[in-house]
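Heads up, the thing below is written out as structure tokens.
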Amino acid sequence: MPELPEVEVLVRHLRPQLRGKIIRAVHVRRTKVLQPTTPRELQRALAGAKFKNVTRRGKHLLFELRSPAAGKDFQLLGHLGMTGRMFLARKKEPLPKHAAVILDLGTEHFIYEDTRYFGRLTLDTSAVEKLGPEPWDAAFLPEEFRRQLKKSRQPVKVKLLDQSLVAGVGNIYASEALFRAGLSPRRAANRISRAEARKLLSAIRAVLQEAIDGGSTLPLNFQTGESDGLFYFGRAAGAPDYFSERLNVYDRAGKPCIHCGAAIRRIVQAARSTFFCPHCQKR
DNA sequence: CACCATGTTCCTTG
DNA sequence: CCAAGGAACATGGT
């Protein structure tokens with residue numbers, strides 16, 4: 001999926017577009033993405049509701065709505081899974097092949113499209129309660145981070161994907177953060193020192209923030225799939241091709257490390273690819 | 001045909 | 001009950 005930075009960039013893009021818009025009708029093409037909400041429940045809740053705001057928690061999008069009929073506010077939770085996209089399009093535009101849910105906003109459609117249907121658009125917001133702290137939570141101190149790492153013997157790379165540890169880190173930025181911190185992805189989580197925990201938390205924050213900054217600066221295309229594999233969203237027509245230099249280790253197996261020139265290695269941990277520099281990231 | 005993919009959840013095992 | 005490992009979900013690209 002889109003990890004925290006991509007979701008944050010999307011939220012900033014959608015917020016001004018959705019605010020104040022009213023949902024006229026709801027079309028569910030793939031029931032699976034709603035569960036445990038039923039299509040009927042979704043229609044009943046959303047028809048006539050107005051978008052008040054859009055926020056992010058971890059990799060989840062939170063749509064805040066107001067229902068005039070019921071006279072109360074409620075939330076809709078979105079998750080892009082591995083291949084989800086959410087965007088507004090003119091009604092005359094053809095719907096994408098894998099459109100899962102379409103919200104009729106009057107003059108436009110709000111489309112949730114997802115090739116593999118791993119994502120969610122649901123009234124069940126309970127997933128958010130299981131998340132760990134946001135990376136920038138001021139109360140999330142390196143000591144607390146280390147205390148949590150101490151509880152696991154898993155490799156630190158695998159542990160970083162645990163959303164109850166820190167919310168929002170995914171497979172790409174886990175490798176990027178460890179490279180930035182100079183820590184081996186194979187190091188057991190419970191063998192990380194105080195200094196290393198501090199470094200790793202800073203690296204996570206830096207790597208995510210840089211990605212958000214990059215994504216919010218550039219003209220992006222939220223509808224198309226041509227993302228270069230380097231930033232989840234595609235480039236808008238005429239936008240600079242600077243994506244190719246954004247990631248330092250992810251998907252760079254065999255290529256030289258930007259610091260020492262050693263060949264970047266790819267290994268498999270918990271059935272996911274991990275990339276690292278064997279020279280700069282020793283055990 | 002084989003393997004790979006930005007994620008999460010469920011099931012099994014110990 | 002818990003941690004850890006692996007399969008499953010579903011589709012497409014190389």
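Just so we're on the same page: letters track the sequence lines, and every chain starts at 1. For the numbers below, each heavy atom of this structure counts, side chains included, while hydrogens, waters and symmetry mates do not.
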task: Could you pull out all residues at least two apart from A:R19 that satisfy side-chain hydrogen bond (donor to acceptor under 3.5 Å, both in side chains)?
output: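 Result, side-chain hydrogen bond (donor to acceptor under 3.5 Å, both in side chains) vs A:R19: A:N53.
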field: Listed partners of A:Q209 passing side-chain hydrogen bond (donor to acceptor under 3.5 Å, both in side chains), at least two apart
entry: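 Residues passing side-chain hydrogen bond (donor to acceptor under 3.5 Å, both in side chains) with A:Q209: A:D213.
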Taking side chain to side chain contact (heavy atoms under 4.5 Å, CB included) as the definition, give me every residue that meets it alongside [X], ordered by chain and number, with sequence neighbours left out.
X      : result
A:A195 : A:S193, A:R198
A:H279 : A:C260, A:A262, A:C277, A:K282
A:A174 : A:K157, A:L160, A:L161, A:V169

- prompt: Of the candidate nucleotides B:dT6, B:dA5, B:dG7, which contains the atom at the shortest distance from the side chain of A:E6?
  reply: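 Shortest atom-to-atom distance from the side chain points to B:dT6.
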- prompt: Heavy atom of residues 120-137 of chain A under 4.0 Å from DNA chain C: which residues?
  reply: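 Correct list: empty, so none.
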Contact list for DNA chain C against residues 143-157 of chain A - heavy-atom distance below 4.0 Å: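 Output list: A:S152, A:R153, A:Q154.
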- request: Report the stems of DNA chain C as range-with-range entries sorted by first number; a stem here is at least three consecutive pairs, Watson-Crick or G-U wobble, both distances under 3.5 Å, and write none if there are none.
  value: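 Detected stem regions: B:2-5 with C:11-14, B:7-14 with C:2-9.
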query: What pairs meet the side-chain hydrogen bond (donor to acceptor under 3.5 Å, both in side chains) rule with one or both residues in residues 98-110 of chain A, with sequence neighbours excluded?
result: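 Output for this query lists A:K21-A:E108, A:K91-A:D104, A:H98-A:Y117.
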Polar-atom pairs under 3.5 Å, protein N or O versus N or O of nucleotides 9-14 of chain C: list them with distances, or write none.
{"from": "C:dA10", "atom 1": "O4'", "to": "A:R116", "atom 2": "O", "distance (Å)": "3.3"}
{"from": "C:dA10", "atom 1": "N1", "to": "A:R116", "atom 2": "NE", "distance (Å)": "3.2"}
{"from": "C:dA10", "atom 1": "N1", "to": "A:R116", "atom 2": "NH2", "distance (Å)": "2.5"}
{"from": "C:dA10", "atom 1": "N3", "to": "A:R116", "atom 2": "NE", "distance (Å)": "3.0"}
{"from": "C:dT11", "atom 1": "OP1", "to": "A:R30", "atom 2": "NH2", "distance (Å)": "2.9"}
{"from": "C:dT11", "atom 1": "O3'", "to": "A:H98", "atom 2": "NE2", "distance (Å)": "3.2"}
{"from": "C:dG12", "atom 1": "OP1", "to": "A:K97", "atom 2": "NZ", "distance (Å)": "2.9"}
{"from": "C:dG12", "atom 1": "OP1", "to": "A:H98", "atom 2": "NE2", "distance (Å)": "2.7"}

message: Test of understanding: with ring pair (Phe, Tyr, Trp, His ring centres under 6.0 Å), list the residues that count as partners of A:Y112, not counting sequence neighbours.
response: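 A:Y112: no ring pair (Phe, Tyr, Trp, His ring centres under 6.0 Å) contacts found.
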- request: State which residues pass ring pair (Phe, Tyr, Trp, His ring centres under 6.0 Å) with A:F179; sequence neighbours excluded, sorted by chain then number.
  value: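 Once residues adjacent in sequence are excluded, the partners of A:F179 under the ring pair (Phe, Tyr, Trp, His ring centres under 6.0 Å) criterion are A:H259.
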- prompt: Quick one: do A:K52 and A:E64 make a salt bridge, cutoff under 4.0 Å?
  reply: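 Looking at A:K52 and A:E64, the cut-off is not met.
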